[in-house]
Amino acid sequence: MTPLSDDDGGGFLATISDLPGCMGDGETEMEAIADVRSAALAWAEGAVEDGEELPLPTSPVQEAAE
């Protein structure tokens, strides 16, 4: 999660390093996370449609607390 400067519109930028070019932004951290999750789904759908394999995570998967 990266805070964006006022020159870049403020808010936050979220990226998924295992999915090149996959990013989302939002006014809050939670909005940025929701946006990057949607972007990840679209990224994966596009990769599958193009016949590409989805990359395996390079870092351990962390589960969110309920």
Side-chain angles (χ1 to χ4, degrees):
M1 187 73 54
T2 305
L4 295 171
S5 69
D6 289 337
D7 291 340
D8 289 328
F12 295 88
L13 176 69
T15 60
I16 300 176
S17 59
D18 291 331
L19 306 179
C22 185
M23 61 185 70
D25 65 352
E27 291 295 317
T28 66
E29 290 182 5
M30 292 306 295
E31 287 177 1
I33 290 169
D35 194 42
V36 80
R37 289 183 72 183
S38 294
L41 290 173
W43 191 101
E45 288 173 357
V48 169
E49 288 174 4
D50 291 343
E52 299 176 21
E53 289 188 30
L54 299 179
L56 295 174
T58 57
S59 59
V61 176
Q62 297 180 357
E63 294 186 25
E66 293 185 28

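- Here Ala39 pairs with Cys22 under the side chain to side chain contact (heavy atoms under 4.5 Å, CB included) rule; sequence neighbours left out.
- Legend: residues meeting side chain to side chain contact (heavy atoms under 4.5 Å, CB included) with Leu54, ordered by chain and number and at least two apart, are Trp43, Ala44, Ala47, Val48.
- Within 6.0 Å of CG on Asp50 lie more than 12 heavy atoms contributed by other residues, nucleotides or ligands.
- Dense packing is recorded around CD of Glu52, with more than 12 heavy atoms of other residues, nucleotides or ligands lying under 6.0 Å away.
- Through direct or relayed side-chain contacts under 4.5 Å between Ile, Leu, Val, Met, Phe, Trp and Tyr, Met30 connects to Met1, Phe12, Ile33.
- When hydrophobic residues (I, L, V, M, F, W, Y) are linked wherever their side-chain heavy atoms come within less than 4.5 Å, the members clustered with Leu4 are Leu13, Met23.
- Residues in residues 9-25 take part in these side chain to side chain donor-acceptor pair (under 3.5 Å) pairs, two or more places apart or across chains: Asp18-Thr58.
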